[in-house]
Amino acid sequence: MTVKVSVVIAVYNPGKYVEDCINGLLRQSLTPDEFEVFFVDDGSTDETPARLDELAAEHAHFHVVHQEASGWSGKPRNTGIDAARGEYVMFVDHDDWLGDEALERMYDYGKANDADVVVGKMAGIGRPVPQELFRVNRPRATVENAPLIDSLTPHKMFRREFLEQHGMRFKEGRRRLEDHVFVVEAYLRARSVAVLGDYLCYYHITRDDGSNAGFQRFDPVGYFTNLREALDVVEELTEPGPLRDKLFSRWLRNEMVERLRGNRLLKLPEDYAEELYREIRGVITERFGPGVFERVAPTQRVVAGLIAADLYEDVRALARWEAGIKPTGTLSSLAWEDGVLNVGFTSEYQVDGEPMTFRRDGERDLLGLPLSDKALEALAGQDITLEAPVGRSDVDLVVRHREDARQFYLPVECELHRVDAGDGSFRQRITARAVLDPETAAAGEPLDKGLWDLHLRIKSCGWSKETRLGAVRGEDVDAGRLAALTGEPRRLVLPYWTDGPGNLSLDVDQHTNKLEREAVALMDPARAVVEGSAVRLPLPLHGTADAGDPVRLRFERKNVGKYPADAVTDGRTVTATLPLDKLTGKRWAVRIGVPSAGRGEPKWTRLPVDVVVAEDGTARVIDRHTPPAGRSAPKKPAQPRPLWRRAAGRIKRALMNEQKKS
């Protein structure tokens, strides 16, 4: 069988982090005869070479190439390309991992669209990755019709024949941005680039020890010398004009301006920051004209203009002001409707705890930036205005899996509001309504079992910042805190507040026991009644339970037994017939069995009520926190002794033992 994909992994001293990479490869849905893996060991000095040799001995489609240390990843990747036999070559870093179906899905998508390059959706665990590029599938993407230029890491599939046709290889030796040179050339030479946005293919991680190569401080002279090589490729393969300016703006924005903004600049040692600034200014003045500046957001254009005018102190003053910018989000409403959770919220930017304001000058809205007269004059000389396109502000709401960082955009409708702030200035507030359907939120698929957090991102005038939703909330939100049964097979979706700050999250399919905590908080025991042998209890669920839903009850007592009861639901209550002959004379805990899509049996959750059956067969429901008859309320549990007192006690006992021995 033809090898579909060759996976190439440059390896140098990954330690324990290579195990996640290995496990991701072993879980691939492609069969072992459909793909091959080349670990190219670039002179590792840890235990990794022996681990890889052991792995290759167990799996015939895994191969290891050992070579002398080259100092960077370019040469080992080239070694892997030369050894590859697959139709496509996929590059993976030794401390990242692939989604279980990544190779199969990317290969099939590439073949279906005759793509020279296939870009799979990425998740950043502790590090940023492109967002806009992966909103939708893009079967015929180009640098003109899609934000491809935002993704210049090599973690993609490349048709091997395409690489050979153009003699494409990574630049070798210890250097930076060799992946930018390689990938931008591929984008500009490719007949077709396919972007797969509906499956999470690649997990790009930050190591716990912070030793990722890309996070290490670099030599500014060498870095921007290497960056010029990527610009050279663009100049070779494009004509002067709008497209070239658009591509160049990516490096201006990401590699230059953003390094000199906010805390990112202020946290650097001053001598290093100045050296970085000088090298950035050298590239800007040599290579970028007004057309490149026009392609970045207003605030980025201001910073670029200050750099071009050599106003370093103004750059730092602006960075200090921007360091105080924070996004805010207030949850204003939360409600279930036909199995869909409607989320209402408001958001705006603040600076040092106060709402951000804009200035009004005639018909123009202006940024209220703290710039000197000299800076304003220099910007005016470059035709850079402080005009603020506040009318194009926007907000995104995403639901993100807490463990693996998969995230999906929710449909959002937003309105922009001007709030008068006096003295001719105004605030901008965004009100928004989002729709979260648990059965379609994951790019048309149901949300998987687990915990999902809600994050909002405000985009305005060149700022794009993210915050959690719900730590601040209005009054009309508790209606949405009840759980709902959704989908087929049925499963529970529970909105809840996280511990500590109290942000909004979802527990899907009873990943935790949070339903019990929420039932205690929201279920009124006074609404539970017994009539003869029938008990009727309010469901700790929104009215999405159907009469046919397998919601069950059982009554249990430790060391005595568990007794199920026939139960029916009407959407808001559950009614069961008490097995009085088994329950007489005891107080019984009540548990509700709610369907779980991942298991045959329901998951049982204790309700905040108990059932007491007297000797005469009469029954009643009481709050489970009510003490049994004849007993007083439980005492407040004793507080543990302070650590210093416990330590003093241990020392005292040790001295006494020594005295006894002597």
- Query: Given Arg301 and Glu387, is the salt bridge (Lys or Arg N to Asp or Glu O under 4.0 Å) satisfied, shown in steps?
  - Reply: CA-CA 11 Å; Arg301 195 178 310 141; Glu387 195 156 348; over 6 Å; no
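- Residue Glu403 places its CD atom among 12 or fewer non-hydrogen atoms of other residues, nucleotides or ligands, all under 6.0 Å distant.
- Within a 6.0 Å radius of CG in Asn145, more than 12 heavy atoms belonging to other residues, nucleotides or ligands are found.
- With Glu132 contributing its side chain and Ala146 its backbone, the two residues share no donor-acceptor pair below 3.5 Å.
- Of all the heavy atoms in Cys21 and Val92, the pair that sits closest is SG-CG1, 4.1 Å.
- Closest non-hydrogen pair, Thr486 versus Pro438, comes out as OG1-CB, 4.1 Å.
- The nearest pair of heavy atoms linking Phe345 to Ala434 is CE2-CB, 4.3 Å.
- For residues 343-353, every residue pair satisfying the salt bridge (Lys or Arg N to Asp or Glu O under 4.0 Å) rule, not counting sequence neighbours, is listed here: Glu348-Arg427, Glu348-Arg429.
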- Task: Report the C-alpha distance between Thr153 and Asp179 in whole Å, list the side-chain angles of each, state the deciding distance to 0.1 Å, and finish with yes or no for side chain to side chain donor-acceptor pair (under 3.5 Å).
- Result: CA-CA 6 Å; Thr153 62; Asp179 46 357; over 6 Å; no
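- Checked by atom type and distance alone, the side chain of Asp93 never pairs as donor or acceptor with a backbone atom of Asp95 at under 3.5 Å.
- Between Glu516 and Lys603 no salt bridge is recorded (no basic side-chain N to carboxylate O distance below 4.0 Å).
- Salt-bridge check for Arg135 with Asp396: passed, with a basic side-chain N closer than 4.0 Å to an acidic carboxylate O.
- Looking at Gln407 and Gln131, their side chains do bring a donor and an acceptor atom within 3.5 Å of each other.
- Within 6.0 Å of CZ in Arg264 there are more than 12 heavy atoms belonging to other residues, nucleotides or ligands.
- Legend: salt bridge (Lys or Arg N to Asp or Glu O under 4.0 Å) pairs involving residues 315-326, not counting sequence neighbours, sorted by first then second residue: Arg261-Glu322.
- When only modelled atom types and interatomic distance are considered, Ser505 and Arg468 share a side-chain donor-acceptor pair under 3.5 Å.
- No donor-acceptor pair closer than 3.5 Å links the side chain of Tyr203 to the backbone N or O of Ala405.
- Crowding of Arg624 atom CZ: a count of heavy atoms from other residues, nucleotides or ligands under 6.0 Å exceeding 12.
- A donor atom on one side chain and an acceptor atom on the other are found under 3.5 Å apart for Gln428 and Ser393.
- With no hydrogens or angles considered, a side-chain donor-acceptor pair links Asp96 and Tyr202 at under 3.5 Å.
- The closest side-chain heavy-atom distance from Val590 to Ile592 is not below 4.5 Å.
- A salt bridge is defined here as a Lys NZ or Arg NE, NH1 or NH2 lying under 4.0 Å from an Asp or Glu carboxylate O, and Glu255 with Arg250 meets this definition.
- Two residues are said to be in side-chain contact when any heavy atoms from C-beta on lie closer than 4.5 Å; Ile205 and Tyr17 meet this criterion.
- Between the side chain of Lys246 and the backbone N or O of Glu144, at least one donor-acceptor pair lies under 3.5 Å.
- A cation-pi contact links Arg105 to Tyr199, judged by a cut-off of 6.0 Å to the six-membered ring centre and 45° from its axis.
- With no hydrogens or angles considered, no side-chain donor-acceptor pair links Gln350 and Thr328 at under 3.5 Å.
- Results of the side chain to side chain contact (heavy atoms under 4.5 Å, CB included) test with Leu506 over Leu494, Asp453, Leu451, Leu454 single out Leu454 as the only residue that passes.
- Annotation for Ile325 and Trp463: closest pair CD1-NE1, 3.4 Å, computed over non-hydrogen atoms.
- Looking at Arg138 and Val119, their side chains never come closer than 4.5 Å, going by heavy atoms from C-beta outward.
- A donor-acceptor pair is defined here as one N or O able to donate and one able to accept, closer than 3.5 Å; such a pair exists between the side chain of Asn137 and the backbone of Gly197.
- Between atom CG of residue Leu504 and atom CG of residue Leu469 there is a gap of 6.0 Å, rounded to the nearest 0.5 Å.
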- Tell me, with the steps shown, if Ser29 and Glu104 meet side chain to side chain donor-acceptor pair (under 3.5 Å). CA-CA 6 Å; Ser29 57; Glu104 181 177 13; 2.5 Å; yes
- Verdict with supporting geometry, Gln300 and Glu258, side chain to side chain donor-acceptor pair (under 3.5 Å): CA-CA 8 Å; Gln300 295 165 339; Glu258 289 301 318; 3.0 Å; yes
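- Leu331 places none of its side-chain heavy atoms less than 4.5 Å from the side chain of Asn503.
- Residue pairs meeting the ring-ring contact (aromatic ring centres under 6.0 Å, His included) criterion with at least one member in residues 409-454, sequence neighbours excluded: Phe358-Phe426, His401-Trp452.
- You'll find the side chain of His155 reaches within 4.5 Å of the side chain of Met122, heavy atoms only.
- Ser596 and Lys449 form no side-chain donor-acceptor contact under 3.5 Å, judged by distance and modelled atom types alone.
- Side-chain atoms of Asp507 do not come within 3.5 Å of backbone N or O of Pro495 as any donor-acceptor pair.
- Under 4.0 Å is where a charged nitrogen must lie from a carboxylate oxygen, and between Arg359 and Asp365 no such pair does.
- Atoms CZ and CG, on Arg406 and Leu200 in that order, are 7.0 Å from each other to the nearest 0.5 Å.
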